[in-house]
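First comes the structure, then the notes that go with it.
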Amino acid sequence: MSTPQTTIFSPATAARFDRLVALYPVKRSALVPMLLYAQDEVGYISDAVVAEVAQRVGITELDVRNVLTYYSMLRTKPIGKYNVQVCTNISCMLRDGYGILEHCKKRLGIEHKGTTSDGLFSLEEVECIGACCWAPAIQINYDFYDELTPDKMDQILEDYKAGRGKETV
Amino acid sequence: MADVTFTVDGKKLTAPAGTLLIDACRTSGIEIPAFCYYPKLSMQAACRMCVVRIEKMPKLQTACTTPVTEGMVVATETDEIKQARKATIELLLGNHPLDCPVCDAGGECELQDMTFKYGAAESKYVEIKQHREEQQWSPVVYFDRPRCILCYRCVTVCGPGMDVWALGIQNRGVGAVIAPNGQDHLNCEECGMCIDLCPVGALTSGTYRYKTRPWEMNHIATICTHCGDGCKTTLGVRRVNDGMEIVRGDNRDKSGINGDFLCNKGRYAFDFANRTDRLTKPLVRQPDGNFAEVSWDHALDFAAKKLREIREAKGGQAIGVIGSNRTTNEESYLLQKFARTIVGTNNIDHHRTADYVSFAAALAGKAGRTASLRDTLTAPAILLLGNDPTNQHPALAWNLRSNVRLHRARVYVANHVEIKLRRQAKAFLQIPQDGYASLVQYLAGNDSAIAANDTTAAFRDALRKEESLLIVFGSEFRGRDIQALVDFGLSLPNTKFAALGDYANSRGAADMGVLPDMLPGYVPVSDAAHFTDEYGAPLPKTPGMDLLQMFDAAQRGDLAAMYIVGSNPVSRFGVDPAVLKNTFLIVQDMFLTETAQLADVIFPAANLYEKAGTVTNTYGDIQLVKKAADKAGVRTDFELIVRLADRMGADPKKLVPFGRGVTADMGQSRGPESGEADRHAVWLAANRLELKLSPFDPFATLDEIQRLVPSYHVSRLELLTGTEQPEKFDLVQIQPAGSRRDLVLPAEDTLFTSGTLGRFSDMMKAVVESHTTPNPAQTAAD
Ligand code: SF4
Ligand code: SF4
Ligand code: SF4
Ligand code: FES
Ligand code: FES
């Protein structure tokens with residue numbers, strides 16, 4: 001087993017990775033889930049994450065980067081604690097997704113892909129997040145908020161700021 | 001596989017089932033344009049340039065991924081197809097800069113050619129082009145991103161081809177870029193294959209970048225000066241003030257035994273030839289101990305007079321001669337003839353890197369048992385014992401990898417270290433460093449020779465099941481061990497052998513009798529009858545001193561003079577300079593090496609890229625060397641030996657049989673072609689006419705070699721057309737050697753060293769430095 005002597009991950013995640021690589025006929029199939037779990041824990045895919053994941057999967061760091069850079073959900077730079085992803089795809093666009101996006105920009109004082117100075121929020125315009133029937137929709141980390149209006153949006157941001165978000169850990 | 005018949009552009013073609021349409025067409029002379037497709041690399045279907053119309057298929061198909069089938073009807077050049085290609089080019093040019101006037105690929109760029117053929121006259125693309133600065137990924141690899149058309153050839157040649165995997169693809173869609181493994185730099189074998197395969201000027205070579213244009217060079221195919229594989233390299237040369245300078249090395253015309261493969265050395269390490277500190281004037285040591293530049297006349301006279309005096313006063317035994325493993329066969333041959341007939345001594349040797357004598361003895365009289373380098377690409381099963389081909393025989397390593405990949409060859413590797421080729425091996429055995437002989441005993445059936453276990457048993461069983469086997473062994477095997485290995489091999493049904501030695505012409509030096517106890521063709525010195533007839537002079541009959549004995553004799557004061565050609569024994573064998581203080585030393589070399597520094601006379605010599613003749617690679621493939629570069633002031637070793645002999649009072653006509661039994665054609669019979677004799681070598685050879693009117697014509701000596709060394713009876717015409725000719729090993733006449741002293745000293749070269757020559761290549765030094773102290777790239781990749 002190629003478990004590294006020292007790991008940058010928590011014992012739980014490290015154990016999860018050990019299991020993951022054994023799940024598939026070839027180790028490299030575990031790459032994408034591993035990256036996602038690593039991102040949840042570390043916040044982004046750092047060079048250290050790339051190095052350790054490559055070692056665990058038995059591929060080169062370049063191989064890891066080839067995959068990592070392909071998926072827009074995986075990020076290589078740190079972002080805020082809460083990643084506000086605003087959908088502006090067709091359904092949301094028709095129901096003023098852009099309005100929501102603009103509103104967020106103003107509220108948070110940041111642009112697309114920006115992070116607030118307190119490190120609490122990041123903002124991102126994204127493709128369809130699969131909540132079209134309740135457009136316009138956003139996703140904050142793994143939680144959805146739909147049928148939004150600017151007021152509702154304000155409320156959500158306030159809740160998160162005050163530690164009352166759905167996922168506030 | 002069975003053949004299938006199909007129709008392309010109305011022509012009926014046949015090809016084995018499974019052949020890719022693009023290959024089948026190309027074989028029949030129908031060119032299908034392609035960017036991402038490259039023969040023998042994995043399929044990409046990334047560029048859509050090769051689209052063709054296949055009857056009954058609803059859409060255009062990519063010829064690079066479609067196998068031919070029975071009855072297939074194909075059109076390759078219709079208006080519809082042209083339109084599709086035009087659209088493809090337009091997309092490719094979306095971000096492509098208008099760089100052609102400065103781009104290295106300008107003039108030999110596949111994109112340029114295709115744009116000319118299919119391109120639209122105007123672009124619908126109005127957005128600003130995405131620009132990125134050029135990045136330096138390594139001392140030899142530069143990347144100009146906007147020029148890249150994302151064909152992935154570089155990625156596939158580095159991955160499956162080189163087994164290095166140093167290049168990858170990052171981001172997706174329009175953002176996709178080729179990226180190196182070190183994020184902003186390459187960490188790789190620096191072979192430059194990626195540069196060569198790149199159809200555009202995206203990857204460019206550190207040695208050639210922005211130096212010249214393709215049409216300003218002459219292109220000359222000759223043999224690489226570095227390792228024993230003897231790759232053909234096509235050198236791009238151009239005129240400079242003091243001769244012809246080499247500016248590029250590649251082999252993209254796929255001429256010769258290595259196809260288009262070249263390693264880092266073959267591709268870049270020609271720069272030693274262009275160095276400014278090369279010796280270009282003869283030097284003679286003055287009474288004050290310093291060197292002074294003197295005229296050729298003076299230097300030759302001085303050296304010859306001294307040698308003559310010593311010969312007359314003390315006899316030939318007081319003189320030693322050391323040859324080179326980088327000179328041509330003709331030069332090595334001439335040197336031994338010089339030593340034996342003019343100096344009158346068998347004190348002649350060279351830096352041996354493999355025990356070719358024992359190999360020849362073990363296979364004496366056996367026909368068809370030696371493998372050419374080409375065989376390693378096709379043999380169904382190969383046993384590799386010792387050596388690390390990735391580092392020391394890169395072309396062999398490339399062939400083994402390709403053979404496994406393309407023909408599913410079974411490679412068995414036994415080594416004392418985990419060499420990289422184990423990744424391609426069907427079975428790998430790690431054995432103790434001194435365990436090679438016992439392993440052979442074990443393979444031959446002696447169960448107690450090694451501590452056998454299931455792995456070793458399986459290794460042996462698998463080997464024994466092979467119906468034909470190619471055994472490639474390194475210099476770990478010498479003397480009796482080679483005999484035992486060959487005996488074992490011959491006990492199997494169908495075995496061929498290859499002995500691995502280093503340097504461009506180690507094999508040739510041994511074949512040509514640059515040995516104290518063997519004449520050319522491994523004829524013992526005691527049995528020189530044949531040679532005596534041809535040379536018209538008696539030869540010394542007792543074996544002379546070998547290289548080490550010569551230095552011992554010098555130390556004792558028993559060696560009054562030494563003539564060292566293209567070799568640096570002082571550094572390679574760690575000779576104490578004091579040993580030579582009472583020996584008159586003549587050195588012939590390109591640089592002021594450790595040995596040359598001790599000399600009394602130094603003659604500036606040409607290198608292998610600056611002369612004509614033949615060399616023999618370690619597999620026994622004889623190939624032609626062509627003069628590519630030129631440097632004012634230097635002379636070939638051939639000429640220098642002849643001149644020295646002449647001044648010593650010898651008859652040059654006896655040394656070099658020029659004009660003997662050959663007809664010269666001065667051009668009269670060729671009409672309009674007269675005066676271009678050098679370009680008509682093939683024509684001349686075909687008409688049994690060769691210009692041999694000069695004592696400096698190496699081909700006159702090749703005539704003599706072919707008369708005296710039966711294994712070199714190969715087709716001259718084939719040699720002259722650039723095809724390698726396997727040495728006829730069954731014609732080697734050798735008596736089983738008694739106990740000979742083992743003097744093999746492997747070069748231990750890596751991918752970035754080449755004996756003492758390596759340090760005179762700035763490129764190789766730069767690569768070594770960048771691998772030990774990585775310095776951040778000038779422009780970071782992002
Ligand atoms: S130089 Fe050779 S090893 Fe390096 S990236 Fe290019 S193909 Fe790969
Ligand atoms: S760098 Fe050259 S070989 Fe590599 S993908 Fe780009 S165009 Fe093709
Ligand atoms: S493999 Fe050997 S002969 Fe071929 S290019 Fe490299 S050094 Fe030269
Ligand atoms: S379009 Fe916004 S969720 Fe599908
Ligand atoms: S050559 Fe066929 S798609 Fe590129």
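In what follows, every chain begins at residue 1, and chains take the letters A, B, ... in the order their sequences are listed.
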Parallel, tilted or perpendicular, as decided by the 30° and 60° cut-offs, for the rings of A/Y160 and A/F121: perpendicular
Within 6.0 Å of CZ in A/R107, more than 12 heavy atoms from elsewhere: no
Heavy atoms from other residues, nucleotides or ligands near NZ of A/K161 exceed 12 (cutoff 6.0 Å): no
Positions in residues 152-166 of chain B that reach chain A, provided some heavy atom is under 4.5 Å away: B/W165, B/A166
Result of checking B/C151, B/C64, B/C50 against B/Y37 for side chain to side chain contact (heavy atoms under 4.5 Å, CB included): B/C64
Check ion pair A/R56-A/E52 (N to O, under 4.0 angstrom): yes
Side-chain ion pair, B/K40 and B/D260, N-O less than 4.0 Å: no
A/T116 side-chain N/O to A/L120 backbone N/O, donor-acceptor pair under 3.5 Å: yes
Side chain / backbone / both / neither for A/D63 at chain B, heavy atoms under 4.5 Å: neither
Proximity of residues 190-206 of chain B to chain A, residues having a non-hydrogen atom under 4.5 angstrom: none
Charged N-O contact under 4.0 Å between B/R132 and B/D144: no
Validation row: B/L186, B/L167 side chains within 4.5 angstrom (heavy atoms): yes
Ion pair check, B/R147 and B/E134, cut-off under 4.0 Å: no
